[in-house]
Amino acid sequence: MTHLFLFTLGPVQSFIAQARKTQDLYAGSRLLSVLTETAMNHVKSKNGQITFPDSTIESKPNRFVAKIDLPAEQLKQLGEDVEQAVQAKWKSLAEKMLEKEGMRDPSGFYEQIQQHLKIHWVFHPIQNDYKTAFQQLEGLLAAVKQTNDFEQFPEVGRKCSVDGQLNVKFYRPLDGDTVDKAQDKLYNKDNYIVDNKKTSFAILQPGEGLSAVSFVKRAYRKGNRKEEFESTADIALLHWQKEHLAAFKNYQSLFFYKDESYFNAQFLFEENLVKKQLEKQGLPKELIKEKLPEFLHKQRKLEGFEKKSCKYYALLLFDGDGMGKLLGGDYLKDDNKLEDFHKAFSKKLGVFAKEAKTHLDDTQFARGRTVYAGGDDFLGFVNLESLFDVLIEFRRLYDDKVNKNDSVKKFLKEDTEITFSAGICIAHYKEPLSLVLNRARAMEQKAKDFRKAKNAFAIGVIKGSGEDHDTVWGFEDDSVTKLKFLVDAMRGTDANFSNTFIKNFQVELNRMLDPKGNINVDMEMLRTELSRLMLRSINSKFKKEEKQALKDELLTKIWDQLFIKQQTHSSLQNFFELLNICDFLHRTLNPVKEKTNAESTN
């Protein structure tokens, strides 16, 4: 008899979200994908057919649905075999990382590995139709998760620097610490004290401790330094590196010592060229003593660095809207076509994922780097110079490959839209990655809560000063293009607009607040005041009629075509936040303070 098989693998939180470094984030995503692929391959070896997602997609999600013909009495054995195959692969990966780093397994290492995975699977017969069986699968899975036995794994000792839950199994001592002193800090001796001369600082920094799980993530696919995932500093500086490649390579070569490169993108910023920080990043003391003055001298003379460098980057994530209803068949023209829709939909999502990853990762354009691209979900780091262009291109690709694709749309009721909502967090390269991840996820949720139709994006900014801003808008009406237009209008030493109209507009509005913080002013009056302030902020090089045309264009785009059109779901405060974020971006992408050519008179 034919059955549907639903498999899920977790915990996603510890595989992906728990990360101190970009390498942790990327490796966690890859490990999850490899383990899901192991389960898929085992099912396919038993003549099972994966119906969702597309099994050829590079970044596998943590769940899949398969169709398989087996007698009922063999189903349980298949499920157990799949689970054992995944556990065996996970253990094998852990063993390989130990071998690769030349380390022994400390006491309790394999217990942490064995206890980590949370695997669930269910079968349901296709008695009448695929759709009914699929819908009942989800209910069965929820029931299995609720009744799943909880296995306690008590540990006493210092907790991992990354996950904060499991005991430290690998620790790099601080300078001067003996093995006994290091173990005293960990409150037990069931650990491996790393040899400072043998283990890369990319694996462990002084004073850092990792659990078995976090160690595997940190070491996975590490290879040599060139194979490591770019740091947040790398992402922030991608544009400068591309524009000044020769200067970058020349500076990078200074950190080559005894056949090994110790370069870290943070060393491009003068603030990090101090003895203590260099030692923490693993530079040999001899290299620091010999070349620190040269590092500082060459950094100060880096071509274009003062004007083009940036300390901020963006973390972008998005997730398909209403995927539960789409996959459940709520929008189908014909209920009997759900299986065919799943296959067509997953295939096109796979095409989109591949092209989105290719677009972001293309080194020729230095836009950013993909962590995972699963089709209906995505996570990646984006250089701020490319943020709006990447968002625009991703929306175009999603429309072209998925939403408006005939091979998908033919199954759906008229006017059904397949969209996604995005969360973006803009942060300083030194901001803890876990906070940036949490903020990006909060922004994604804010976008999904924006309105019933979803199809929105939210941008949050964590400033180095601790000040935060966030704004949310629908994707329609080329809203991202309008934000880009506003930022570009204020950029450069000879910009069309200065940012004074933003500051002055907010000052004016603050005067209009009533005791409860509300503004009871006619919208047309506000438009007139914004128009006046914009006109005053235009570069004095333009003639009167040119100024009028520039002002009209900007006012129309951001007030009439953006705020007023989305006013039902937006607010003046949301509009102010948009202006603040665009002002922040223009200043961040132009780090040198410049004199404005805007008029200072009425």
Side-chain angles (χ1 to χ4, degrees), residues 9-39 41 58-60 62 84-119 153 155 157-173 182 186 190-231 260 282 371-372 433:
L9 172 65
V12 177
Q13 173 74 11
S14 60
F15 264 114
I16 298 178
Q18 291 175 346
R20 291 188 75 190
K21 294 185 173 186
T22 56
Q23 177 68 19
D24 299 337
L25 192 63
Y26 174 72
S29 168
R30 290 301 308 144
L31 284 165
L32 201 63
S33 180
V34 166
L35 295 176
T36 301
E37 184 173 31
T38 299
N41 288 340
E58 183 178 347
S59 296
K60 308 289 191 301
N62 71 317
Q84 288 172 10
V86 172
Q87 289 283 13
K89 180 67 174 180
W90 173 228
K91 183 180 179 182
S92 170
L93 287 168
E95 289 172 341
K96 286 179 180 178
M97 294 310 104
L98 284 173
E99 182 181 352
K100 190 173 189 177
E101 296 302 324
M103 297 179 181
R104 64 167 176 81
D105 58 297
S107 176
F109 176 85
Y110 285 111
E111 284 81 353
Q112 286 188 352
I113 293 296
Q114 181 181 350
Q115 296 288 332
H116 186 63
L117 298 184
K118 301 292 181 268
I119 299 172
F153 186 46
E155 289 186 311
R158 176 172 163 177
K159 302 306 176 186
C160 173
S161 302
V162 176
D163 62 52
Q165 297 170 348
L166 298 173
N167 269 11
V168 168
K169 293 299 172 188
F170 301 89
Y171 179 77
R172 170 169 245 132
L186 304 178
D190 297 336
N191 44 62
Y192 182 94
I193 304 301
V194 167
D195 187 326
N196 282 338
K197 295 181 180 179
K198 294 181 179 179
T199 302
S200 167
F201 278 74
I203 296 293
L204 271 170
Q205 291 190 345
E208 187 178 31
L210 299 179
S211 66
V213 174
S214 296
F215 165 77
V216 174
K217 286 167 58 178
R218 187 67 62 81
Y220 181 67
R221 290 188 65 186
K222 182 183 73 69
N224 58 44
R225 290 176 180 267
K226 292 182 180 179
E227 293 175 336
E228 291 173 13
F229 196 90
E230 287 85 347
S231 68
E260 185 173 359
V371 176
Y372 66 77
L433 186 56

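Computed from heavy atoms alone, side chains included, the values below leave out hydrogens, waters and symmetry copies. All figures in this text were calculated on a predicted structure; none of them were measured in a lab. If you read the sequence from its start, that first residue is 1, and numbering goes on from there.
Contact annotation: the side chain of Leu117 approaches that of Gln87 to within less than 4.5 Å [non-hydrogen atoms, C-beta and beyond]. Counting heavy atoms from C-beta on, the side chains of Met103 and Lys169 never come closer than 4.5 Å. Here the side chains of Lys217 and Gln23 are not in contact, with every heavy-atom distance at 4.5 Å or above. Phe201 has its side chain within reach of Pro206: a pair of non-hydrogen atoms, C-beta onward, lies under 4.5 Å apart. Side chains of Arg104 and Leu98 form no contact here, defined as non-hydrogen atoms less than 4.5 Å apart. Counting heavy atoms from C-beta on, the side chains of Leu35 and Asn62 never come closer than 4.5 Å. Counting heavy atoms from C-beta on, the side chains of Val213 and Phe109 never come closer than 4.5 Å.
Taking each heavy atom of Val162 and Ser214 in turn, the nearest pair found is CB-OG, 3.5 Å. What you find for Val216 and Trp90 is that their closest heavy atoms are CG1-CZ3, 3.9 Å. Taking both residues in full, the closest heavy atoms of Val194 and Pro173 are given as O-CD, 3.6 Å, listed atom of the first, atom of the second, then distance. Closest approach of Asp24 and Ala19 over heavy atoms only: CB-CB, 3.6 Å.
Put simply, CD1 on Ile203 and CE on Met97 are 9.0 Å apart, with the number rounded to the nearest 0.5 Å. Here CD of Gln18 is found 8.5 Å from CG of Leu166. Values are rounded to the nearest 0.5 Å. With values rounded to the nearest 0.5 angstrom, Asn191 atom CG is found 10.0 Å from Tyr171 atom OH. In this structure, the separation between OG on Ser161 and CZ on Phe170 is 13.5 Å, given to the nearest 0.5 Å.
Because its NZ or CZ atom is both nearer than 6.0 Å to the ring centre of Tyr110 and within 45° of the ring axis, Lys91 counts as a cation-pi partner of that residue. Cation-pi contact between Arg30 and Tyr220: absent, since separation from the ring centre below 6.0 Å together with deviation from the ring axis within 45° is not met.
No donor-acceptor pair closer than 3.5 Å links the side chain of Arg172 to the backbone N or O of Gln205. The closest donor-acceptor contact from the side chain of Arg158 to the backbone of Val168 lies at 3.5 Å or more, if one exists at all. Between the Lys159 side chain and the Ser211 main chain, no donor and acceptor come within less than 3.5 Å of each other. Side-chain atoms of Ser33 do not come within 3.5 Å of backbone N or O of Ser29 as any donor-acceptor pair. Side-chain atoms of Lys118 never come within 3.5 Å of backbone atoms of Leu9 as a donor-acceptor pair (strictly under, hydrogens ignored).
Ion pairing between Glu37 and Lys60 holds under the 4.0 Å rule for side-chain N and carboxylate O.
Heavy atoms from other residues, nucleotides or ligands lying under 6.0 Å from NZ of Lys89 number 12 at most.
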